[in-house]
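Each remark here refers to the structure printed beneath this line.
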Amino acid sequence: MNPAAATLLVVDDDAMNRDVLSRRLVRNGYKVLTAESGARALELVNEHRFDAVLLDVRMPGMGGIETLQRLRQSRSMSELPIIMVTANSSSDDVVQALGFGANDYVTKPIDFPIALARIKTHVTARRADPLTGLPNRTIFMDQLDRLIGRPHDRKHGTFAVYFVDIDRFKLINDSLGHLAGDEVVVGVARRLEDALRSADARLGSEHALARPGGDEFTILLDGLADAAEAREVGDLLVEAIGVPFAVRGRTIHVSISVGVVIAAHRYTGGGEMLRDADMAMYRAKSLGKARCEVFDVSMLALVERRLRIETDLRHALARHELSVYYQPIIELSGGQLQGFEALLRWHHPMLGVVSPGEFMPIAEETGEIVPIGQWVLREACRQLSAWDEEFALQPRLTINVNLSARQCMQPNLVSVVKRVLTETNLSPERLKVEITEGDVLQNCEAMESILNRLRALGVQLQLDEFGVGYTALSYLQRFPFHTIKIDRSFVAAMKERGNTETIRAIVALAGALKMGVAAEGVETAEQLKDLQSLACEFGQGFYFNKPLTLEEARQVLQAGSLGSQRDGRINSGSA
Ligand code: C2E
Ligand code: CA
Ligand code: CA
């Protein structure tokens with residue numbers, strides 16, 4: 001660990017001693033605050049986070065031993081390393097201090113090399129997380145287990161365990177770089193700490209915040225009235241992170257998902273509580289992120305559902321439970337049907353229709369996406385080719401097929417695409433593959449070469465969900481996309497707040513880079529009008545059509561071939 005990040009508190013009534021000691025420590029890279037009395041020390045530890053305290057035993061008024069006892073009474077201070085500073089001769093003091101929970105001692109006159117080595121040992125042991133300076137998982141679990149095991153030590157009311165996870169952290173890391181990612185973690189840690197401090201002041205509660213790793217934080221909050229209060233604090237945490245961060249000269253929006261569980265008799269250990277808080281956090285994520293959810297036992301059913309989906313997905317293809325739906329894509333200035341996006345549907349025999357939003361992430365994790373994705377590609381291309389023969393529409397329709405990160409990383413992807421195109425007798429430019437910004441960023445180098453090979457094949461490339469990440473469009477210049485698909489959240493924002501600036505900027509930049517622009521999630525006539533006036537070329541959405549079954553899509557084509565289609569709206573179908 002780098003001791004430079006550590007803050008020490010020096011408590012001594014003698015100004016000279018304080019001065020000499022703190023100078024030496026500062027010269028060795030520590031940050032130091034000083035207190036001239038035990039009372040002042042107790043104030044300071046409530047206002048700052050220290051990594052260790054150097055506490056003089058002999059002080060007038062509240063002595064070192066009493067200060068030590070008071071510090072140890074407070075739970076958030078129970079793990080703080082306290083090193084006693086004693087006069088050379090008094091072994092009684094040392095024995096007594098260690099009995100009251102001091103971690104170590106040094107004797108006066110202080111032998112600095114030894115003192116520094118001891119301080120470093122304690123600070124390092126405590127702060128396994130050098131980035132934020134927060135306690136690590138082990139310390140947190142110790143605290144939690146102790147609290148569960150010793151009900152009499154608790155404050156009034158009840159306590160809660162929170163599990164906090166930064167939303168889309170990988171995307172932040174991938175688009176802004178790891179250093180910026182680290183800054184975000186540190187910034188989030190600070191805000192959580194501040195919010196918890198003010199919650200404590202208001203509710204009389206007591207908190208302990210830890211960082212078990214990555215983009216996760218755990219919190220123990222004791223002295224809450226009830227579950228409602230626990231949720232209230234959770235909402236405050238979400239709100240505190242909602243204020244934009246300034247990172248490396250940029251403004252970035254960060255959000256967290258929070259799960260919270262309230263103490264209950266059934267819990268016999270901290271691990272169980274943390275597991276349930278984690279589950280509640282996952283629930284918060286699946287409900288759209290940037291929110292807090294309180295654990296309840298019904299969430300166990302959701303975990304079962306996930307397991308069932310994971311298991312049954314393996315047989316879905318073989319059992320013919322999958323089908324491809326087709327959502328029309330419209331050329332916005334003329335209202336002409338330009339093509340379809342192929343979207344997967346799963347009709348589960350017991351669960352009914354399971355949305356790809358739910359099962360695709362699982363398929364991606366398990367690898368099931370690979371055979372399923374190939375099937376979608378083949379099916380969609382085959383269909384387009386069949387429609388060619390049946391309707392002979394001009395200009396030729398295109399088919400958009402989504403490719404996930406894992407699909408793109410298949411070594412034989414390009415040859416599979418080539419084979420499917422040959423088999424289905426489609427010229428390559430009629431296939432548009434959609435790849436999300438997040439997936440592109442996950443593995444830039446490999447993606448770049450795959451995209452170039454697909455492009456060389458003649459396939460069209462579309463960047464999906466653009467704008468969700470933080471990448472400047474100019475950076476994406478290195479990737480050979482033909483079109484950018486503006487994420488539906490921007491289209492929705494346009495409706496709610498009349499905010500067209502983001503889309504205007506994307507269209508302008510895309511124009512400069514000679515890329516086309518499409519928009520998804522068009523739901524109203526106003527949005528269509530705005531997009532048209534912004535010169536967005538293509539659009540899809542419920543305003544035109546939901547994703548359609550094969551039969552419904554045929555009806556649309558039939559109507560199109562009879563010329564009965566008005567302003568791009570096609571009055572059939574549902575999904
Ligand atoms: P996506 O690529 O962003 O697909 C667009 C999603 O927006 C679809 O959700 C579509 O039904 C929905 N949508 C269309 N119009 C509107 C609208 O006007 N308003 C709103 N609110 N939503 C609209 P869907 O079909 O549930 O698919 C979800 C995601 O699952 C897709 O997002 C895509 O990432 C993934 N997915 C679906 N099929 C496939 C596939 O065959 N392969 C791969 N790799 N991913 C797929
Ligand atoms: Ca898509
Ligand atoms: Ca999309």
Side-chain angles (χ1 to χ4, degrees), residues 286 288 309 313 316-317 322-330 332 339-347 353-381 383 398-410 413 416-417 420 431-440 442 460-469 481 483-496 518-528 531 538-549 552-553 568-570 573-575:
S286 64
I309 287 177
L313 197 55
L317 201 52
L322 298 177
S323 55
V324 178
Y325 276 45
Y326 297 88
Q327 186 173 38
I329 297 171
I330 308 299
L332 294 184
F340 295 95
E341 177 174 3
L343 291 161
L344 193 57
R345 293 291 178 268
W346 182 12
H347 297 269
V353 178
V354 185
S355 97
E358 185 174 10
F359 71 82
M360 285 312 244
I362 299 174
E364 182 74 3
E365 234 173 79
T366 61
E368 213 57 50
I369 184 79
V370 174
I372 291 176
Q374 277 189 23
W375 176 80
V376 172
L377 176 70
R378 181 165 282 119
E379 188 68 14
C381 288
Q383 202 53 60
T398 52
I399 187 79
N400 291 32
V401 175
N402 294 284
L403 291 186
S404 73
R406 188 138 180 183
Q407 283 177 273
C408 291
M409 291 309 142
Q410 285 301 301
L413 174 76
V416 168
V417 171
V420 168
L431 172 65
K432 295 190 175 187
V433 301
E434 298 192 5
I435 301 171
T436 67
E437 183 187 2
D439 283 356
V440 171
Q442 245 182 51
Q460 299 206 51
L461 306 177
Q462 181 154 30
L463 183 62
D464 203 357
E465 286 177 24
F466 183 75
V468 175
F481 286 102
T483 6
I484 288 165
K485 195 186 245 188
I486 299 171
D487 190 66
R488 59 181 172 277
S489 58
F490 293 108
V491 177
M494 201 166 65
K495 176 174 73 181
E496 286 157 14
E520 61 177 13
V522 184
E523 294 181 356
T524 66
E526 297 81 72
Q527 288 170 340
L528 171 60
L531 289 167
F538 303 111
Q540 69 189 95
F542 299 164
Y543 177 72
F544 303 111
N545 267 116
K546 292 194 165 175
L548 307 174
T549 62
E552 290 165 341
R569 293 193 75 176
I570 297 143
S574 62

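Both backbone and side-chain heavy atoms feed into the values below; hydrogens, waters and symmetry mates do not. Remember, it's 1-based here, ligands and their atoms both numbered in the order they're listed. These numbers come from a predicted model, not from an experiment.
- Within ligand 1, the atoms closer than 4.0 Å to a non-hydrogen atom of E341 are 2 (O), 4 (O), numbered from 1 in the order shown.
- The contact set between ligand 1 and N402, taken as ligand atoms under 4.0 Å from a residue heavy atom, comprises 2 (O), 42 (N), 43 (C), 44 (N), 45 (N), 46 (C).
- Residue E434 approaches the Ca ion (ligand 2) most closely through its N/O/S atom OE1.
- Close contacts of ligand 1 with Q407, meaning ligand atoms under 4.0 Å from a residue heavy atom, involve 44 (N).
- Polar contact with ligand 1: absent for S355 (N/O pair, distance under 3.5 Å).
- Polar contact check, Q540 against ligand 1: no nitrogen or oxygen pair lies under 3.5 Å apart.
- Restricting D464 to its N, O or S atoms, the one at the least distance from the Ca ion (ligand 2) is OD2.
- Atoms of ligand 1 found under 4.0 Å from any heavy atom of Q327 (numbered from 1 in listed order, with element): 14 (C), 15 (N).
- Between the side chain of E437 and the backbone N or O of L463 there is no donor-acceptor pair closer than 3.5 Å.
- Residues T483 and F466 form no side-chain contact, since every pair of their non-hydrogen atoms from C-beta on lies 4.5 Å or further apart.
- Contact between R345 and ligand 1 is present, with at least one heavy atom of the residue lying under 4.0 Å from the ligand.
- Counting only non-hydrogen atoms, the option in M360, E358, R406, E434 that gets closest to atom 46 (C) of ligand 1 is M360.
- In terms of modelled atom types and a separation under 3.5 Å, the side chain of R406 and the main chain of V370 share no donor-acceptor contact.
- Neither the backbone nor the side chain of K546 has any atom closer than 4.0 Å to an atom of ligand 1 (non-hydrogen atoms only).
- E341 contributes atom OE2 as its closest N/O/S atom to the Ca ion (ligand 2).
- Close approach of ligand 1 to E520 is summarised as follows: ligand atoms under 4.0 Å from at least one heavy atom of the residue are 3 (O), 5 (C).
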- prompt: Can E520 and V491 be said to form a side-chain contact (heavy atoms from CB on, under 4.5 Å), step by step?
  reply: CA-CA 7 Å; E520 61 177 13; V491 177; 5.9 Å; no
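- The Ca ion (ligand 2) does not have T436 among its coordinating residues (no N/O/S atom, backbone or side chain, under 3.0 Å).
- Of the possible donor and acceptor atoms, none in the side chain of R345 sits under 3.5 Å from a partner among the backbone N and O of Y325.
- With a 4.0 Å cut-off on non-hydrogen atoms, V522 touches ligand 1 through its backbone and not its side chain.
- Taking only nitrogen or oxygen atoms, main chain and side chain alike, P547 does not reach within less than 3.5 Å of ligand 1.
- When non-hydrogen atoms are compared, ligand 1 lies under 4.0 Å from the side chain of V376 (C-beta onward) but not from its backbone.
- Considering backbone and side-chain atoms alike, Y543 places every N or O at 3.5 Å or more from each N or O of ligand 1.
- Close approach of ligand 1 to E523 (heavy-atom distance below 4.0 Å) involves ligand atoms 17 (C), 18 (O), 19 (N), 20 (C), 21 (N).
- A distance of 6.0 Å separates CG of L343 from CG of N402, quoted to the nearest 0.5 Å.
- In this structure, the side chain of E552 engages the main chain of T549 through a donor-acceptor pair within 3.5 Å.
- The OH atom of Y326 sits 4.5 Å away from atom CD of Q383, with the distance rounded to the nearest 0.5 Å.
- Between P356 and ligand 1, no pair of N/O atoms sits closer than 3.5 Å.
- Between the side chains of N400 and Q460, not a single donor N or O lies within less than 3.5 Å of an accepting N or O.
- For the atom pair OG1 of T398 and CD of Q462, the computed distance is 9.0 Å after rounding to the nearest 0.5 Å.
- The contact set between ligand 1 and S404, taken as ligand atoms under 4.0 Å from a residue heavy atom, comprises 44 (N).
- The structure places CG of D439 at 9.5 Å from CG of D464, a figure rounded to the nearest 0.5 Å.
- Within ligand 1, the atoms closer than 4.0 Å to a non-hydrogen atom of D464 are 2 (O), numbered from 1 in the order shown.
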- prompt: So V324 and W375, side-chain contact (heavy atoms from CB on, under 4.5 Å) or not? Walk me through it.
  reply: CA-CA 10 Å; V324 178; W375 176 80; 3.8 Å; yes
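- Using a non-hydrogen distance threshold of 4.0 Å, G521 registers as a contact of ligand 1.
- Residues I399 and K432 are not in side-chain contact: their nearest non-hydrogen atoms beyond the backbone lie 4.5 Å or more apart.
- Between the side chain of Q527 and the backbone N or O of E523 there is at least one donor-acceptor pair closer than 3.5 Å.
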